[in-house]
Peer 1: 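Supplied in C-alpha cells, the structure appears directly below.
All ligand and atom numbering here is 1-based and tracks the order in the structure.
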Amino acid sequence: MKISRRGFLGSAVATPVVAGTLVAGAASGAAPTRRGAARDIIVAAGNGLPYLDRAYALLTSGGDTLDAAIAVVTGPEDDPEDDSVGLGGLPNEEGVVELDACCMHGPTRRAGSVGAVRNIRNVSKVAKAVIEHTGHVMLVGEGAERFAVAMGFPRENLLTERSRKIWLLWKETHSTSDWWGPGPASPGWRPPAAAREARNLSPAARVDSLYARAMELGIEPGHGLGAVRRVLFPPTGTIHCSALNARGEMSGITTTSGLAFKLPGRCGDSPVIGAGCFTDQDVGSAGATGSGEENIRVAGAHTIVENLRRGMEPLEAGLDALKRIVRNYNGDMTRLKYIDMTYYVLRNDGAYAGVSLWEGYGPTEPHHIAVHDGTKARAERTVALFKGWSDEFPPTPSLPPERATK
Ligand code: ASP
C-alpha cells in the first residue's frame, strides 16, 4: 500500500503517540509467567555432570547464576581429555582449534558471545567479559582473541598432542591426491592405484588400515579406535548449562569447539544468541547441543523459551523445536537419520526437560541431561522424538561393535 506524505501526516495526527509510551498491548509478549516458587537448580548437557556439585555449592551460597553456570562449563573447557570443548578440542580442517560461546545473564537481561576464537581456552568467560566490558553483544575471530588478551586471558596452544594427531590422521585420510601422508620415499607409500584400492576397502579393513596408521602417528593404543572413529565420523560436541536460584534469577551459557574439521571461520549455533542459548528469567532458559546448522534454522533456544511463555510445558516446548527441524526436511527420514539435536529446557519455577531428536548415538551412548536440584547431581536420559539412534555423518558403515568405543 502506498501512503502519501499527506495521508501519513493525516493518520499521525489522528492517532497521536507520545514518545516513550507503549502502544496498546505492546508489553504482552514480555509478560512474566511464573507457575510456582523458584528453586535452586542447575541443568546441563551430560558432560557437565562432574562439575555440578561445585556449581551448586556456588549457587546456594549466594553466587550469581551466570557464575554458577560458568563453574559447570569451564570443567570441560579446562579438561584436555574432552575433545569437544576448550583445551584439546578437535581443530578445524587446517588443524587450528576455534572456539565458540554465548551467554545470557537473566538478572541484568544482557547477552555476550564470541565466535571462531583461537588460542584462548575459556571462551565462556570471554563471552561474559563481552557483557561486562563492551557495549557489544558479539565479537568474532581475531578481534575476539585480541579482546580476550586485553581482558587478561592468556594466549595458549589449545591443540593437545592427541587432538593434533587425530587431525593429522583425518588430513591424511582425505588426501590421496595431494602431498599429505607418506611420499614416494617413505616405506608406507603406495602407488596411486593401490592408494585408490585402499579407499575402497571393506569397512573392517578400512578401520584396520586407519588404526595401523594411528599407531604409526603415535596415538596411544587406548585411544586408537577413538581416533579412527573421529576420522570416519567427525564429531560434534558442546556443553550447555542453565542455572536458576530461589530468588528467580536465571542465566544460561553454551561453549564448544564445534564440529570437528570444520571450515575455518565456521560458526555453529553455540555462539548464536537464540540458537545455542536463550534466557529470559521471566519465563525460562534453554540451550542446545548437536547439529548447529539445523538449530540455527529453527532458532531453537529462543523458540523453546517463547513456547514456555505461551504456556507449553518444558517437554512440549522442546519437542516442538525438534518438530520444526523435522518440518524443515518435510519429514524426510533418510536425511533426518544423519541429524541429531538435544535441547536442555529449564522453566523459571524449576521444571525442566531434556529432549533429543534421537535417543543417542547408540545403546552405549544415549543422550543425557545432567541435573542438580539439591539432592544429588544426576544424569537423566533425554526424551527422544524418534525411537532409535542417529546415524553418524558422513554415512559410513558402523565400526565393529567391539570397537565402537569413543
Ligand atoms: N552445536 C555445536 C556446533 O554445531 C556442536 C555440538 O553441539 O555438538 O558447533
Side-chain angles (χ1 to χ4, degrees), residues 43-48 72-73 75-77 79 82-86 88-93 96-103 113-118 123-124 127 138 140-141 144 158 163 229-230 233-242 252-278 286-304 318 321-322 324-325 328 338-345 354-358 360-362 365-370 382 389-394 406:
V43 301
N47 49 346
V72 174
V73 302
E77 276 183 346
D79 179 3
D82 186 324
D83 62 14
S84 71
V85 183
L90 286 170
N92 67 19
E93 67 175 7
V96 181
V97 181
E98 284 185 345
L99 305 179
D100 304 325
C102 77
C103 64
S113 156
V114 288
V117 183
R118 301 178 172 193
V123 281
S124 59
M138 187 173 204
V140 300
L158 300 178
S163 289
R229 181 180 176 153
R230 282 158 173 73
F233 316 120
T236 54
T238 299
I239 179 158
H240 166 76
C241 181
S242 287
I253 192 158
T254 300
T255 174
T256 191
S257 54
L259 181 63
F261 321 131
K262 60 194 173 184
L263 271 65
R266 176 265 188 189
C267 283
D269 56 332
S270 305
V272 179
I273 300 285
C277 179
F278 193 78
T289 60
S291 309
E293 280 72 9
E294 306 313 325
N295 190 33
I296 292 172
R297 282 193 271 264
V298 298
H302 183 262
T303 293
I304 290 169
L322 293 171
R324 293 178 192 218
I325 294 176
N328 279 350
Y338 296 105
I339 290 167
D340 206 5
M341 199 67 233
T342 301
Y343 291 120
Y344 313 88
V345 190
V355 299
S356 47
L357 196 57
W358 296 97
Y361 301 120
E365 289 175 84
H367 291 310
H368 288 107
I369 179 171
T382 56
W389 318 104
S390 60
D391 277 352
E392 307 269 11
F393 183 84
K406 260 206 160 174

Peer 1: Taking atom types as modelled, is there a side-chain donor on Ser242 or His240 under 3.5 Å from an acceptor on the other?
Peer 2: yes
Peer 1: For Ser356, which residues count as a side chain to side chain contact (heavy atoms under 4.5 Å, CB included) partner, sequence neighbours excluded?
Peer 2: Thr342, His367, Thr382, Ala384
Peer 1: Going by the angle between their ring planes, with limits at 30° and 60°, are Phe278 and His302 parallel, tilted or perpendicular?
Peer 2: perpendicular
Peer 1: Could you tell me which residues satisfy salt bridge (charged side-chain N to carboxylate O under 4.0 Å, His left out) with Asp340, sequence neighbours excluded, listed by chain and number?
Peer 2: none
Peer 1: Sort out the contact shell of ligand 1: every protein residue with a heavy-atom distance below 4.0 Å, listed by chain and number.
Peer 2: Thr236, Gly237, Thr238, Gly258, Leu259, Arg266, Asp269, Ser270, Thr289, Gly290, Gly292
Peer 1: Output every pair passing salt bridge (Lys or Arg N to Asp or Glu O under 4.0 Å) with a member in residues 288-298, not counting sequence neighbours, ordered by first then second residue.
Peer 2: Arg266-Glu293, Glu294-Arg297
Peer 1: Between Ser124 and Glu77, is any pair of side-chain heavy atoms under 4.5 Å apart?
Peer 2: yes
